[in-house]
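First comes the structure, then the notes that go with it.
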Amino acid sequence: MNEIGANRRNLDWTAQDVAQWLGVPLDGLGSMAISGMADIPVAEPTDLVFADDAAHCELAAERGCGAILTTPQSWAAAQKRPPAGILVSNVRASWVDLLERLEADAPFPAGIHPAAVIDPEAQLADDVSIGAFVTVAAGAVLHDGVRVDDGARVGAGCTIGAGTRIFANAVLYPNVRVGRRCRLHACCVIGADGFGYIAGPRGARKIPHVGGVVIGDDVEIGAAACIDRGRTGNTTIGSGCKLDNLVHVAHNVQIGDGTLIAALVGIAGSVRVGRGVVFGGQSGVADQLEIGDGARIAGRGAVVTNVPGGETWSGYPAGRHSNRIREAVALTYLPDLLKRVRRLERILFPGDDGTHRGDAP
């Protein structure tokens, strides 16, 4: 059985079932069995695969795939086809719909593992699921359908909204508020102290952080991401935000709804990020800045000044991407330009070896 790239849940689907769930036409063998979902290169004959073009439809047929999710145009143009074609207008959106259904077909049991430690003053809904070695501190409130996986820590006074999942070994410091249907992945740390110090006679003196973290609904926090608590107020992550692995959000940062942040991004303290902003991987923002609604920061962009809404910035230091592209193009002309200047100097100053200007003789 193929272990890579396939989602194996011993599904008992047929191509006709899938077409009916999606409300789309089916061409071919409706009784074609589907036991899993996979990418074409690793698919087995009973896996459902997807293709955005005719070439990949043909590749799926050559590899013996039984059922494919594709567009009517790609299906019609393909010279070879799998036995069953499920024809949709947006392949990737429909694929996500089915993945969500697949995940929902694997419910987790409610209940508290005997190795979990739950403070008597914590409030847990009847249908929560608590794994082994989980600790839930006093005053924490876990609403309907919350799942906390093995080894996670929910601190005192935390509130976890309905349907949220906290993965293994995640840590929520005290007084963190998490909305509904969120996903906090393994080893993320929510609510640690921010990096704040003042000079003192014995060196750096720590500034206490007594604020909290507030996370909206439908937020995803990647593995090993860190979100620091505010000094006095709250660090806030708006609803619908998606943070990749290894993201760091510092104290007092405010992030608007629907913002996407790729891996290894760092946002320094007290930054205000608008709605629908996109951060490319390894980009960073200096403290006390504002990023406008709908702005885009390219990968490795280093933001050191405010970014207007709707603009794309890149580079180090970051500036408007259109300007950075022109600068990059201009740099390619520098070697030829330098040669031309030196030729002109030899014509204008025939006895000058250039040593007084620091040039090599």
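Residues take their numbers from the sequence shown, with the count starting at 1.
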ILVMFWY cluster membership beyond I207 - transitive side-chain contacts under 4.5 angstrom:
I198
Donor-acceptor pair, distance only, cut-off 3.5 Å: does the side chain of R229 make one with the backbone of G191?
yes
Shortest non-hydrogen pair, I215 vs C182, comes out as CG2-SG, 4.2 Å
What I want to find out is whether E58 reaches K80 closely enough, with some N-O distance under 4.0 Å, to be called a salt bridge.
no
Residues 322-332 vs salt bridge (Lys or Arg N to Asp or Glu O under 4.0 Å), sequence neighbours excluded, gives R324-E327
Considering non-hydrogen atoms only, spot the tightest contact between A140 and V154 and give its length.
CB-CG1, 4.0 Å
Quiz question: by atom type and distance under 3.5 Å, do the side chains of T14 and D17 form a donor-acceptor pair?
yes
Please step through side-chain contact (heavy atoms from CB on, under 4.5 Å) for the pair V49 and H56, ending with a clear verdict.
CA-CA 10 Å; V49 298; H56 283 88; over 6 Å; no
Should we count OH of Y333 as having more than 12 external heavy atoms under 6.0 Å?
no
Where is the tightest heavy-atom contact between V304 and P317, given as atom of each residue plus distance?
CG2-CB, 3.7 Å
Does atom CZ of R183 have more than 12 heavy-atom neighbours, drawn from other residues, nucleotides or ligands, at distances under 6.0 Å?
yes
Indicate whether any N or O donor in one side chain lies under 3.5 Å from an N or O acceptor in the other, for Q254 and R272.
no
Quick one, L289 and V303 - any side-chain contact, counting heavy atoms below 4.5 Å?
yes
Enumerate, atom names and distances included, each donor-acceptor pair closer than 3.5 Å involving a side-chain atom of residues 305-313, sequence neighbours excluded.
| unit_1 | atom_1 | unit_2 | atom_2 | d |
| --- | --- | --- | --- | --- |
| N306 | OD1 | E290 | N | 2.9 |
| E311 | OE1 | W313 | NE1 | 2.9 |
| E311 | OE1 | R320 | NE | 3.0 |
| E311 | OE2 | R320 | NE | 3.2 |
| E311 | OE2 | R320 | NH2 | 3.3 |
| T312 | OG1 | R296 | NE | 2.6 |
| T312 | OG1 | R296 | NH2 | 2.8 |

Mark yes or no for whether T332, through its side chain, and V329, through its backbone, hold a donor-acceptor pair below 3.5 Å.
yes
Would you say S74's side chain and D52's backbone share a donor-acceptor pair under 3.5 angstrom?
yes
Residues D218, R181: salt bridge by 4.0 Å N-O rule
yes
Can you get from I34 to L22 by hopping between Ile, Leu, Val, Met, Phe, Trp and Tyr side chains that sit under 4.5 Å apart?
yes
Between atom CG of L142 and atom CD1 of I118, what is the distance when rounded to the nearest 0.5 Å?
8.0 Å
Taking atom types as modelled, is there a side-chain donor on T235 or H251 under 3.5 Å from an acceptor on the other?
no
So do the side chains of L48 and L98 get within less than 4.5 Å of each other, counting heavy atoms only?
yes
For R177, look at atom CZ and say whether over 12 heavy atoms of other residues, nucleotides or ligands are found less than 6.0 Å away.
no
Are Q123 and H143 linked by a side-chain donor-acceptor pair shorter than 3.5 Å?
no
Please check this pair: side chain of K242 against backbone of G222, looking for a donor-acceptor N/O pair closer than 3.5 Å.
no
Please work out whether the ring planes of F50 and W95 are parallel, tilted or perpendicular, with thresholds of 30° and 60°.
tilted
Please tell me whether D228 and H248 have a donor and an acceptor in their side chains that are separated by less than 3.5 angstrom.
yes
